[in-house]
Amino acid sequence: MIIVKQKHLSKILEMTKDFKKLLIVGCDGCASVVQVGGERQAKILKSLLEMEKKMKGEEPTAIKAISILRQCDRQISATALKPWMEDYDGILCLGCGVGVQTLAEICESTPVIPGTDTKFLGMHDTKSDKFYEMCSACGDCLLFETGGICPITRCAKSLLNGPCGGQTEGKCEVGGWKNDCAWILIYNRLKERGRLDLFTKFRAPRDYRVSEHPREASIDSDEGKSSNE
Amino acid sequence: MSSEAYGELMKQINQGRFVFTGELEPVKTTNLEEVIEGARTLKDHVVAVNITDNPTAFGYMNALVPSYLIQREAGVEAVYQMTTRDRNRLALISDVLAAGALGIKNILALTGDHTTVGDTPQAKPVFDLDSAGFVYMLKKMVDEGLDLNNNKIEEPPKFNIGIAAAPNANPLEPEILKIERKVKLGADFIQTQCVYSVEQAENFMEAIETYSIKTPILIGVAPFKSIGMMEWMVKFVPGIKVPKEIQDVLRKAKKAGGKEPVYEANTEIFGELLKGIRKSTKVAGIHTMAIGFEWIVPKIIERAGFRTSKG
């Protein structure tokens with residue numbers, strides 16, 4: 001899922017200070033699962049903003065908090081926003097960067113402000129209650145030959161032919177020897193499976209055209225199939 | 001099968017001579033005198049000198065200019081170090097062609113330390129290629145006269161291609177497999193990170209032989225400019241194992257009377273280390289790294305009982 005983190009309250013206050021009527025829009029998708037941008041968080045943020053204004057003795061902003069099933073779906077968002085968008089002079093979006101832009105496309109004349117920073121595509125480990133980055137959406141998946149461990153994302157240098165000299169005892173120097181070296185993980189897994197041939201093979205430099213921005217895809221066309229075909 | 005020699009380094013290796021290389025670091029300066037002076041100091045004692053490329057991701061002077069100038073001004077062959085950290089493949093091709101035009105004979109192909117460990121950690125890391133991809137590209141340029149995308153190069157460059165290795169890597173097997181991968185891609189020689197005991201060199205060479213890697217290896221040796229530097233490396237550089245006896249001797253020397261006894265102890269310790277490595281392994285030579293006190297290299301080599309490379 002897409003991992004988002006709420007921006008610091010002072011930053012949100014700064015970005016929204018000129019609005020008289022503010023609509024906070026949460027998202028019931030990823031942002032809700034990570035407990036940052038769901039309906040509940042939208043309501044809490046509404047209270048916090050109101051409280052801050054009150055404490056500072058500033059003129060109160062009229063704030064309403066709602067949430068949308070999936071902000072990244074343009075039609076769902078348009079339907080959900082329709083009753084409200086005319087009444088507010090600013091929208092504070094608690095979804096991911098896709099959500100912010102979807103809302104901005106729908107509400108062309110109303111500024112949409114990001115209330116979160118979009119961090120990464122991650123796995124939720126409920127045991128440690130942490131999110132771990134797993135995929136960079138590089139557009140050219142090689143997990144079939146790296147033991148299901150993505151070196152593009154989990155190696156700090158995105159090496160295709162690791163490990164580098166910056167690992168020791170399986171830990172990476174980037175970030176202070178806390179993170180696992182993806183290439184040692186890959187080596188261990190492939191060795192366990194008797195597939196070190198996949199480790200030793202040379203992976204030629206990638207063709208970055210597959211991740212040229214902006215990308216688009218459609219469900220029914222050939223776009224979803226291999227670009228090499 | 002030995003590689004075709006494009007310069008003196010590979011020529012001497014192919015002749016079976018035990019070679020020494022040195023290392024110089026252009027720093028954050030526009031002054032070129034120091035690095036040329038360092039090359040002059042090393043000239044009669046090593047066959048070639050590595051010029052580092054933004055080592056540990058510190059933003060220093062471009063390595064190509066001093067690589068060229070030590071050849072022209074000091075008459076020492078350069079090993080031009082190039083990392084893929086700061087350049088995409090277009091920039092790499094440009095610099096490789098420029099190096100060829102300037103008569104550089106050796107390129108050490110490196111991935112490079114991550115930007116976040118350097119002095120400008122906010123920088124965007126590039127890593128378009130990794131060191132293996134870079135070796136692949138260099139080999140193609142040299143042997144086939146083609147760039148990575150099969151575009152023809154007029155008057156292709158001729159280099160010998162070096163790679164780095166970490167003899168103290170833990171675990172060691174993936175490191176050896178990685179070396180093997182780059183050897184298959186066409187690396188001509190290997191220069192390693194530093195070892196501090198004959199045993200470390202032996203273990204590494206044993207592993208290399210297990211995988212039937214025949215590419216000539218220059219084992220890295222780095223004396224300590226100061227006790228502070230040693231303490232720092234022991235404390236902060238994982239994978240660096242400095243035997244306790246060496247640490248004790250150097251500390252004792254420092255207590256006995258400061259810099260000079262430390263230099264003397266270094267000469268003794270590293271002279272013995274060189275002698276031991278030569279005696280008990282099949283390395284092609286030694287890569288010395290004495291940044292900022294290059295004058296100690298001839299002393300160490302002499303203490304080890306070698307005639308120098310050019311002797």
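Note that these values count all heavy atoms, side chains included, but never hydrogens, waters or copies made by symmetry. Order of the sequence lines sets the chain letters (A, B, ...), proteins ahead of strands, with each chain counted from 1.
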**Prompt:** Is A:Arg215 atom CZ crowded by more than 12 heavy atoms from other residues, nucleotides or ligands, each under 6.0 Å away?
**Reply:** yes
**Request:** Pick whichever of B:Lys178, B:Gln193, B:Glu175, B:Lys184 has the most heavy-atom pairs under 4.5 Å with chain A.
**Result:** B:Lys178
**Message:** Can you confirm whether more than 12 heavy atoms, excluding those of B:Glu199, are under 6.0 Å from its CD atom?
**Reply:** no
**Item:** Atom pair OH/CG of A:Tyr208 and B:Asp128 - distance to nearest 0.5 Å
**Value:** 5.5 Å
**Request:** Would you give the length of the straight line joining atom SG of A:Cys164 to atom CZ of B:Phe127, rounded to the nearest 0.5 angstrom?
**Result:** 7.5 Å
**Stepwise side-chain contact (heavy atoms from CB on, under 4.5 Å) test for A:Lys157 and B:Thr111** = CA-CA 9 Å; A:Lys157 297 178 183 173; B:Thr111 302; 3.8 Å; yes
**Message:** Which atoms of A:Tyr187 are under 4.5 Å from chain B, going by heavy atoms: the side chain, the backbone, both sets, or neither?
**Reply:** side chain
**Atom pair CG/NZ of B:Leu177 and A:Lys191 - distance to nearest 0.5 Å** = 8.5 Å
**Item:** A:Ile184 versus chain B, the contacting section by heavy-atom distance below 4.5 Å
**Value:** side chain
**Request:** State, with a plain yes or no, whether a side-chain heavy atom of A:Pro205 is found less than 4.5 Å away from one of B:Tyr136.
**Result:** yes
**Message:** Using side-chain heavy atoms (C-beta onward) and a distance below 4.5 Å, is B:Pro174 in contact with A:Trp183?
**Reply:** no
**Prompt:** What heavy-atom pair brings B:Arg181 and A:Arg203 nearest, and what distance separates the two atoms?
**Reply:** NH2-NH2, 4.4 Å
**Complete:** Of A:Gly166, A:Cys172, A:Ala156, the largest count of non-hydrogen pairs under 4.5 angstrom with chain B goes to A:Ala156
**Message:** Need one label for A:Lys171: side chain, backbone, both or neither, based on atoms under 4.5 Å from any heavy atom in chain B.
**Reply:** neither
**Test log, rule side-chain contact (heavy atoms from CB on, under 4.5 Å), inputs A:Leu196 and B:Glu173** = CA-CA 11 Å; A:Leu196 278 181; B:Glu173 191 185 46; 4.0 Å; yes
**Prompt:** OG1 of B:Thr84 to CG of A:Leu159: how many Å apart, nearest 0.5 Å?
**Reply:** 7.5 Å
**Prompt:** For B:Leu148, is it the side chain, the backbone, both or neither that has a heavy atom under 4.5 Å from a heavy atom of chain A?
**Reply:** side chain
**Message:** Heavy-atom pairs under 4.5 Å with chain A: which of B:Pro171, B:Ala164, B:Ala165, B:Ala166 has the most?
**Reply:** B:Pro171
**Asked** Considering only heavy atoms, which portion of B:Arg89 lies under 4.5 Å from any heavy atom of chain A: side chain, backbone, both, or neither?
**Response** side chain
**Asked** Hey, which of A:Gly176, A:Gly170, A:Gly162 has the most heavy atom pairs under 4.5 Å with chain B?
**Response** A:Gly162
**Prompt:** Among B:Asp130, B:Val117, B:Thr115, which residue forms the greatest number of heavy-atom pairs with chain A at distances under 4.5 Å?
**Reply:** B:Asp130
**Asked** Just wondering, are more than 12 heavy atoms of other shown residues or ligands nearer than 6.0 Å to CD in A:Glu58?
**Response** yes
**Complete:** The reported gap from OG1 in B:Thr56 to CD in A:Glu173 (rounded to nearest 0.5 angstrom) is 9.5 Å
**Asked** Taking atom CD of B:Glu144 as the centre, does the number of heavy atoms from other residues, nucleotides or ligands within less than 6.0 Å exceed 12?
**Response** yes
**Asked** Is chain A contacted by the side chain of B:Pro125, its backbone, both, or neither, given a heavy-atom distance below 4.5 Å?
**Response** neither
**Minimum heavy-atom distance A:Val174-B:Thr116, with the two atoms named** = CG1-OG1, 3.6 Å
**Prompt:** A:Thr200 versus chain B, heavy atoms under 4.5 Å apart: side chain, backbone, both or neither?
**Reply:** both
**Message:** With a 4.5 angstrom heavy-atom cut-off, is it the side chain or the backbone of B:Asn168 that approaches chain A, or both, or neither?
**Reply:** neither
**Prompt:** Atom CG of A:Asn161 and atom NZ of B:Lys182: how far apart are they, to the nearest 0.5 Å?
**Reply:** 8.5 Å
